[in-house]
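Here the structure comes first, spelled out in structure tokens, and everything after it is commentary.
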Amino acid sequence: MKDYYIHESSYIDEPCEIGAGTKIWHFSHIMKGCRIGRNCNIGQNVMLGPDVVIGDNVKIQNNVSVYTGVICEDDVFIGPSAVFTNVINPRSHINRKNEFRKTIIRKGASIGANATIVCGHEIGMYAFVGAGAVVTRNVSDFALVVGNPARHAGWVCRCAARLDFNNSDNRAVCPECSSVYIMENDMVRPE
């Protein structure tokens with residue numbers, strides 16, 4: 001007996017690994033070689049390309065395309081209609097499958113609705129990519145980025161509340177969960 005759920009309208013190519021408690025909803029296609037962790041929620045009309053890696057407790061909302069080369073660590077959230085790329089300079093008449101670039105979404109990061117993640121970059125731990133942003137470079141841990149191209153707009157806590165570093169000691173206390181963060185060399189980390 002399976003310990004995960006796949007809606008009857010979805011296609012799962014073999015071989016794939018799907019963790020316990022995961023749910024794959026309507027009209028999704030999981031291509032061969034994918035590894036999906038435990039307790040994930042894969043929304044309606046999601047496509048996971050060959051060999052995509054999805055960690056535990058990842059939530060992928062409706063209409064998301066995740067192409068070969070993408071690795072999502074645990075606790076990642078990907079909003080509706082977000083998209084990833086895997087080649088920098090695609091042409092339909094040139095096969096560039098040997099040029100796929102790796103994209104890593106680190107633990108706890110959130111990607112907003114309709115965001116585009118250009119391949120070859122890393123989204124840091126607990127970073128937050130705003131809705132509609134186009135990521136064209138690496139995003140630091142706990143960073144908030146917005147716009148096209150995505151630009152740094154602040155810092156966020158693990159709970160996603162905005163952090164305020166407007167003080168002389170380079171410390172911020174989360175207004176929602178009271179976690180404390182330190183900024184050193186333009187990088188943020190928990191105290």
Under the 4.5 Å side-chain heavy-atom rule for ILVMFWY, direct or indirect, which residues accompany I88?
-> V118, V134
If you link ILVMFWY side chains whenever their heavy atoms are less than 4.5 Å apart, which other residues fall into the same cluster as W25? By chain and number, please.
-> Y5
Cationic N near anionic O, under 4.0 Å, E14 to K32 | no
Would L163 and C174 satisfy side-chain contact (heavy atoms from CB on, under 4.5 Å), going step by step from the backbone distance to the final call?
-> CA-CA 6 Å; L163 298 173; C174 176; 4.1 Å; yes
Who are the side chain to side chain donor-acceptor pair (under 3.5 Å) partners of [X], not counting sequence neighbours?
X: N39; answer: none
X: H7; answer: S9, H26
X: E191; answer: R171
X: N86; answer: none

Show which side-chain atoms of residues 72-85 pair as donor or acceptor with protein atoms under 3.5 Å away, not counting sequence neighbours.
unit_1, atom_1, unit_2, atom_2, d
E73, OE1, K107, N, 2.9
E73, OE2, R106, NH1, 2.4
D74, OD1, D56, N, 2.7
D75, OD1, N57, ND2, 2.9
D75, OD2, K107, NZ, 2.6
T85, OG1, C119, N, 2.8

Answer yes or no: are there more than 12 heavy-atom neighbours, outside D186 itself, under 6.0 Å from its atom CG?
-> no
Give a yes or no on whether N185 atom CG has more than 12 heavy-atom contacts from other residues, nucleotides or ligands under 6.0 Å away.
-> no
Inter- and intrachain pairs under side chain to side chain donor-acceptor pair (under 3.5 Å), touching residues 132-142, at least two apart | none
Could you work out, with ring pair (Phe, Tyr, Trp, His ring centres under 6.0 Å) as the rule, every residue matching [X], not counting sequence neighbours?
X: F27; value: none
X: Y126; value: F142
X: H29; value: none

Take N63 and N45 through the side-chain hydrogen bond (donor to acceptor under 3.5 Å, both in side chains) test and state the conclusion after the steps.
-> CA-CA 5 Å; N63 306 311; N45 197 39; 2.9 Å; yes
With sequence neighbours left out, write down each residue that passes salt bridge (charged side-chain N to carboxylate O under 4.0 Å, His left out) with R101, or none if nothing qualifies.
-> none
Verify, without hydrogens or angle tests, whether H152 (side chain) and G154 (backbone) share a donor-acceptor contact under 3.5 angstrom.
-> yes
Please answer whether the main-chain N or O of N89 pairs with a side-chain N or O of R96 as donor and acceptor at a distance below 3.5 Å.
-> yes
Looking only at heavy atoms, what is the nearest atom pair of F165 and I182, with distance?
-> CE2-C, 4.0 Å
In terms of hydrophobic clusters joined by side-chain contacts under 4.5 Å, are M47 and I42 together?
-> no
Go through the steps to decide whether I24 and I18 satisfy the test side-chain contact (heavy atoms from CB on, under 4.5 Å), and finish with yes or no.
-> CA-CA 10 Å; I24 299 171; I18 301 172; 3.9 Å; yes
Point-to-point distance, once rounded to the nearest 0.5 Å, from SG of C157 to CD of E176 = 8.0 Å
Taking side chain as C-beta onward, heavy atoms only, is [X] less than 4.5 Å from [Y]?
X: Q44; Y: Q61; result: no
X: I12; Y: I6; result: yes
X: V53; Y: V70; result: no
X: L48; Y: I60; result: yes
X: M183; Y: W155; result: yes
X: C16; Y: M31; result: no

Quick one: do F100 and Y67 satisfy side-chain contact (heavy atoms from CB on, under 4.5 Å)? Show the steps, please.
-> CA-CA 9 Å; F100 287 171; Y67 293 106; over 6 Å; no
Apply side-chain contact (heavy atoms from CB on, under 4.5 Å) to the pair K102 and I71, showing each step before the final yes or no.
-> CA-CA 8 Å; K102 184 186 295 186; I71 299 170; 3.9 Å; yes
